[in-house]
Every structure is written in C-alpha cells, then in structure tokens.
Chemist: 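Sharing a structure, written as structure tokens. Questions coming.
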Amino acid sequence: MLKLSIKQLLQQKQHNQDEHGKNFFGTDITLQGWVRNKRDSKAGLSFISLTDGSCLTTMQIVAKAQLPNYENILKLTKDCSISVIGTIEKSLGSNQDFEIIAKEIQIIGWVENPETYPVSPKRHTVEFLREVSHLRIRTNLLSSVMRVRNTISYAIHEYFQQNEFYWIHTPIITATDAEGAGELFQVTSLNLNDLPRDGLGKIDYKNDFFGKQTFLTVSGQLNAEAYCLAMSKVYTFGPTFRAENSNTTRHLAEFWMVEPEVAFADLNQNAKLAEELLKFIFNKVLNDNLHEIDFFVEYIDKEVRNRLTSLVANKFEVITYTEAIEQLLKPGKNFENPVYWGVDLSSEHERWICETLVGRPTVVINYPKDIKAFYMRANDDGKTVAAMDVLAPGVGEIIGGAQREERYDLLVNRMKELGVGLEALSWYLDLRKFGSVPHSGFGLGLDRLVSYITGVNNIRDIIPFPRASKSANF
RNA sequence: GCCUCAAUAGCUCAGUCGGUUAGAGCGACGGACUGUUAAUCCGCAGGUCGUAGGUUCGAAUCCUACUUGAGGCGCCA
C-alpha cells in the first residue's frame with residue numbers, strides 16, 4: 001500500500017490533474033497522522049480532519065458506520081493518532097476537491113482525559129501555549145511558524161551556497177571574553193561545591209577542563225574572520241548564547257545567528273549583501289509558504305504578505321547615523337530619551353527611524369566610534385566607524401555588522417584605548433600581520449527574522465523550546 | 001536589572017460599593033440531526049477565586065509579602 005504524506009498527496013493531485021488525472025481518483029493509499037477535528041452525522045458517517053504536519057492543509061477522511069470499529073472512531077478526539085487505509089475520491093463537500101473514503105482506520109494512540117488535554121480544539125493564547133511548549137506544536141500557529149522557520153533556514157544556506165560562500169563551523173566553547181557582545185555563560189567541569197583556589201584565594205582554572213576559563217560563544221565572528229581571510233567568503237550558522245537578563249519580546253538567552261564574513265569587501269558591499277540575502281529569503285517564503293502566509297494574514301497580522309511583497313520590490317533605505325540624528329532632532333517629536341550626536345540610539349529612536357521616517361527596513365551606517373566595538377574600521381573623519389545596523393519595523397535591530405579594522409596599528413591602538421586584552425587576542429591580531437585585507441561581515445538574528453516575517457511578535461513563540469532568563473523548561 | 005499591569009472552571013473572560021448558593025463562551029461529556037468542514041441544535045458536569053498572612057460581623061473584592069505570567073525600558077541579534 002502506498003504511504004504518502006498529506007503534502008505528497010496534494011502534489012500528486014496537481015500532477016495527476018495535468019497529465020493522467022484519471023489515475024488519481026480510485027487509488028488506495030495509507031495516511032498516518034493526528035486527528036485535528038471530527039464531525040459526526042447520524043447519516044451514519046464521520047468526517048475526520050487529519051493532519052500529519054507535512055503542510056497546513058488537513059485531509060478529510062470519511063469514516064462510514066460500516067467500519068468494524070466505528071464505535072471507537074466516534075470516540076476520537078483532537079490529537080488521537082490514527083493510521084488510515086482508504087480510497088481517494090472526489091469530495092461531495094465544497095471545502096476540498098477530494099477526500100479519503102476509509103476502508104480501515106487503525107487507532108494508534110488515544111488522548112487521555114480530553115477535558116484537560118491542554119491543546120483542545122479551540123483558540124488558545126500564545127501565553128498559555130508557551131506553558132506547554134512540548135504540545136503547542138500541535139496547533140496551526142506553531143506548526144506554520146516552524147515550517148516557515150525551516151524555509152528561512154534552508155534559504156539562508158541556499159543563498160550562500162549559490163554565491164560561493166563556505167559554511168564553517170565555529171566553536172561553541174570559547175576562551176575569548178573580549179568581544180563586547182554581551183554577558184557570557186561560563187563553561188566549567190569544576191565541582192562548584194569544592195572550587196580549587198590559588199594562593200590569593202581566586203579560583204584556579206588551571207584545573208578546569210580546558211586549563212583556563214571558558215564560555216559559551218556569543219558570536220562566531222572573530223573565528224569567521226580568520227577563515228574569510230583565506231577562503232574569501234564564509235558564513236557561520238548556529239546557536240549563540242548571551243547571559244543577559246533581558247526581559248523583552250525580542251531577546252533569548254540561546255538564539256540562532258547567521259554571520260557571513262567577506263574578504264575584499266567594504267561597508268557598501270556588506271550592506272548590499274545583507275539586502276540581497278534578506279530579499280532572497282523573503283522571496284523563498286512567499287513562494288514556498290503560501291498557505292502559512294494566508295494563515296498569518298488571517299490570524300496574526302493582515303500585513304504579512306503585503307510587507308514581504310513590498311520588501312522584495314523596493315530598495316532598502318540607507319542613511320548615515322549623522323543623517324538619522326538630524327532627522328530625530330527636527331522639531332515636533334517627543335522622545336523620552338535625549339537625542340544628540342554621539343548618543344547610542346534607543347529603541348524608540350530606532351523604531352521612529354524605520355517605522356515612521358522610512359516605513360520599511362532601514363540600513364543605518366557610520367556610527368560614532370565610541371558606541372561601537374573595537375574591531376570596527378575607523379572612518380577617515382576620525383569620529384565614526386564603518387558599522388551598520390539593519391532596523392526592521394516591529395522587531396528593531398535585525399542585523400548588526402561592520403567593515404572590520406584590517407590595519408594592524410589602528411586596531412592595536414583601538415584595543416588599548418578600550419582596554420581590550422591584546423594577549424588573548426594575539427591570534428586575531430596575527431590576521432592583520434599576514435596578508436591582511438579589507439573585509440566585512442554581519443550578524444543576522446534568525447529568530448528576529450522569523451518573528452518579522454511571520455508577524456508573530458514574541459520571539460519565544462517562533463523557536464521550539466525558548467531559553468530565556470529564568471526560563472529553561474522542556 | 002528597573003517600571004507598569006495581571007492571576008477566578010481544562011482555556012478565554014465577567015463578577016457593581018466588601019454582603020445570601022461565584023456566572024458566561026469555548027472545550028469535554030451525553031443526546032438530536034441524511035455530507036460535515038471553527039458543523040448546527042438541546043442538555044449535563046466542571047471552582048481551595050495563585051500562595052501565605054492581615055483588616056472586618058463578613059473578603060474573589062481592601063492591605064502586606066511572596067510566587068508566576070505579560071508588556072515597556074536598558075543590553076543586543
């Protein structure tokens with residue numbers, strides 16, 4: 001017996017209609033999945049909406065009273081698992097072209113206590129579903145988000161692979177704590193109840209697993225730079241960790257980041273790469289997730305499709321930090337935080353720039369050097385560095401990047417100014433001594449991108465099992 | 001970490017000025033219905049009002065602490 005996913009079945013239908021439509025109807029197949037909904041009729045039949053997660057569409061299974069276990073079929077509730085053998089036939093109902101007339105329905109797993117089963121067939125709030133992360137994927141919302149998340153992840157690899165980038169696996173465990181990207185989680189195999197101390201009473205990391213203090217990575221950038229300075233175009237794509245006690249809708253302690261790094265590329269090329277990558281992803285989602293987008297438009301945010309369509313059609317706006325400050329200073333606005341040249345833009349400023357001033361993703365470039373990291377390349381004006389942020393309406397900073405300082409002397413001076421230890425990063429400085437070239441890169445927050453694309457505005461709802469401050473369940 | 005708000009049935013909520021036996025919708029369960037599709041209609045069950053204290057003749061309601069959650073800010077992706 002041919003076993004198909006619902007997605008395959010729908011594809012076959014399309015295919016058979018074109019070429020040999022006669023063969024499609026009347027074929028016997030096996031489907032396996034979970035009951036999404038069931039409607040009974042005293043006419044002597046039940047309609048089961050079956051889902052297997054392969055796509056948003058459910059398959060209608062018609063179960064007639066003649067089935068030997070029909071009494072049990074009447075007791076099926078949402079998310080009971082079943083295996084169905086049946087015949088594909090034209091549907092008499094108007095919501096689907098075809099349906100499966102069951103010859104045999106095997107009940108694989110019952111749902112105990114349907115009354116208290118958390119994911120009952122009704123609307124649920126995302127807050128409630130968050131409390132049952134292991135079961136919330138059994139909703140249209142979460143399964144749609146995860147299919148889109150998959151499309152996005154795959155599109156990222158596709159874009160880079162098509163453009164001759166090499167995917168490199170940078171370490172998760174790092175001894176570098178000077179990247180300035182945030183608080184780190186410490187990694188240790190020491191017994192915390194009996195820590196070895198040196199003569200001064202400080203913890204002696206010589207006895208730790210790596211013989212020194214180590215952390216979970218906050219970014220693969222520095223390692224990626226080393227590889228781009230030999231392979232020209234590389235990217236990292238993996239989880240990163242920040243131990244910041246952030247409590248917002250857009251921060252996670254464990255999140256996924258994409259970090260391309262390109263040799264012989266300046267800031268303009270960097271910004272262009274960011275725009276091309278994002279547009280490639282938006283296009284992929286528009287093409288591959290029609291039903292999911294329909295769903296988001298209906299239940300989450302009416303603008304989801306319009307936003308993506310207009311994003312791929314329009315150039316991203318690029319403005320300098322200095323221009324942004326000038327706009328922010330124009331009269332008639334009432335910001336809580338002060339605006340002046342040199343200030344680190346706060347959320348309300350960033351929101352105003354991309355939501356009100358521009359109305360779509362905006363690339364802000366050339367920030368004051370004093371609010372940016374040590375590795376960003378000094379501009380000729382002596383005041384700014386070649387940094388860029390891509391700001392997206394609703395989710396804020398979606399990309400942060402820069403042209404890196406490739407000039408040894410300038411980099412060393414900057415590190416000294418900012419008190420960055422030279423010794424731990426001597427390997428990084430080596431890169432500027434042996435065939436250094438201008439190079440650029442950025443970090444794209446995958447989770448923020450998923451949030452932006454789907455319109456689901458809490459980042460904890462677009463990753464399967466979110467990790468955040470005081471929250472590491474499941 | 002700071003600020004604000006919230007917690008009542010499996011879920012979403014109402015509950016007046018502190019006053020008798022805390023209500024509704026959805027879901028679940030039972031029944032009706034000749035093809036349903038968020039099925040429809042009828043019926044039934046379901047409660048330690050987050051926890052602990054306090055005020056009061058009397059507390060879901062007022063006060064305090066704690067817990068949990070949400071939103072905003074900061075940090076950033």
Side-chain angles (χ1 to χ4, degrees), chain A residues 36-50 57-65 74-75 77-78 89-96 99 101 111-132 135 139-140 179-183 218-221 239-259 298-299 336-337 344-351 371-373 389-392 395-401 442-452 457-461 468-471 473:
Chain A
R36 182 48 62 74
N37 200 345
K38 178 174 65 70
R39 302 168 291 275
D40 303 317
S41 167
K42 261 293 156 359
L45 71 169
S46 293
F47 302 95
I48 298 167
S49 293
L50 186 75
T57 310
T58 55
M59 188 51 53
Q60 174 153 290
I61 310 294
V62 179
K64 297 188 174 168
L74 282 173
K75 293 178 190 155
T77 57
K78 178 168 183 293
E89 290 192 9
K90 276 208 157 62
S91 179
L92 301 177
S94 55
N95 280 31
Q96 57 278 318
E99 59 196 11
I101 309 297
V111 167
E112 295 176 19
N113 304 322
E115 177 168 7
T116 54
Y117 176 58
V119 198
S120 53
K122 73 179 286 295
R123 291 278 190 84
H124 295 286
T125 58
V126 287
E127 290 82 11
F128 169 68
L129 291 171
R130 232 170 270 154
E131 292 168 16
V132 287
L135 299 173
T139 62
N140 285 335
E179 293 163 37
E183 294 295 311
V218 294
S219 163
Q221 178 202 317
T240 47
F241 309 87
R242 307 235 172 128
E244 272 148 29
N245 188 16
S246 298
N247 201 344
T248 77
T249 56
R250 53 193 185 279
H251 287 85
L252 292 167
E254 176 182 305
F255 63 99
W256 283 66
M257 191 153 65
V258 183
E259 296 177 284
E298 188 172 352
Y299 294 104
E336 295 213 349
N337 299 292
D344 202 354
L345 299 178
S346 62
S347 288
E348 60 168 345
H349 303 144
E350 294 183 343
R351 288 183 100 105
I371 57 171
K372 288 292 177 184
D389 283 356
V390 179
L391 310 177
V395 292
E397 189 181 336
I398 204 167
I399 283 180
F442 59 80
L444 164 63
L446 176 76
D447 311 278
R448 285 186 182 176
L449 183 61
V450 176
S451 174
Y452 181 56
N457 48 37
N458 193 314
I459 202 163
R460 299 180 191 203
D461 299 325
S469 171
K470 301 283 184 298
S471 173
N473 302 316

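Each chain gets a letter, A, B and so on, in the order its sequence line appears, and its residues count up from 1.
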Chemist: Classify the side-chain pair A/T249/A/N457 by whether it contains a donor and acceptor separated by less than 3.5 Å.
Modeler: no
Chemist: When you match A/K372 and A/Q96 each to their closest nucleotide on RNA chain B, which lands nearer the 5' end?
Modeler: A/Q96
Chemist: Remember a base hit wins even if backbone is also touched, and classify A/D344 as base, sugar-phosphate or nothing at under 4.0 Å, heavy atoms.
Modeler: sugar-phosphate
Chemist: Could you say whether A/R460 or A/K64 is positioned toward the 5' end of RNA chain B, judged by the nucleotide with the nearest heavy atom to each?
Modeler: A/K64
Chemist: Whom does B/A6 pair with, Watson-Crick or G-U wobble, provided both distances fall under 3.5 Å?
Modeler: B/U68
Chemist: Main chain of A/S219, side chain of A/E259: is a donor-acceptor contact present, judged purely on distance under 3.5 Å?
Modeler: no
Chemist: Is there a donor on the side chain of A/E127 or the base of B/G69 sitting less than 3.5 Å from an acceptor on the other?
Modeler: no
Chemist: Between the base of B/A77 and the side chain of A/R250, is there a donor and acceptor pair under 3.5 angstrom?
Modeler: no
Chemist: With respect to the phosphate group of B/G72, does any side-chain polar atom (N or O) of A/T249 fall under 4.0 Å of OP1 or OP2?
Modeler: yes
Chemist: What heavy-atom pair brings A/I398 and A/A392 nearest, and what distance separates the two atoms?
Modeler: CD1-CB, 4.2 Å
Chemist: Any side-chain N or O of A/T248 less than 4.0 Å from the OP1 or OP2 oxygen of B/C76?
Modeler: no
Chemist: Choose from B/G35, B/A28, B/A77 the nucleotide whose nearest atom is closest to any side-chain atom of A/R242.
Modeler: B/A77
Chemist: Strictly by modelled atom types, are A/D40 and A/S46 linked by a side-chain donor-acceptor pair under 3.5 Å?
Modeler: yes
Chemist: Paired with B/C73 by Watson-Crick or G-U wobble geometry, both distances under 3.5 Å: which nucleotide is it?
Modeler: B/G1
Chemist: Can you find a donor-acceptor pair, distance only, under 3.5 Å between A/R448 side chain and B/C76 base?
Modeler: yes
Chemist: Is A/R39 close enough to B/C33 that one of its side-chain N or O atoms is under 4.0 Å from OP1 or OP2 there?
Modeler: no
Chemist: So does A/E131 reach the base of B/U68 with its side chain, donor to acceptor, closer than 3.5 Å?
Modeler: no
Chemist: Between B/A77, B/C73, B/G35, which one does the side chain of A/N247 approach most closely?
Modeler: B/C73
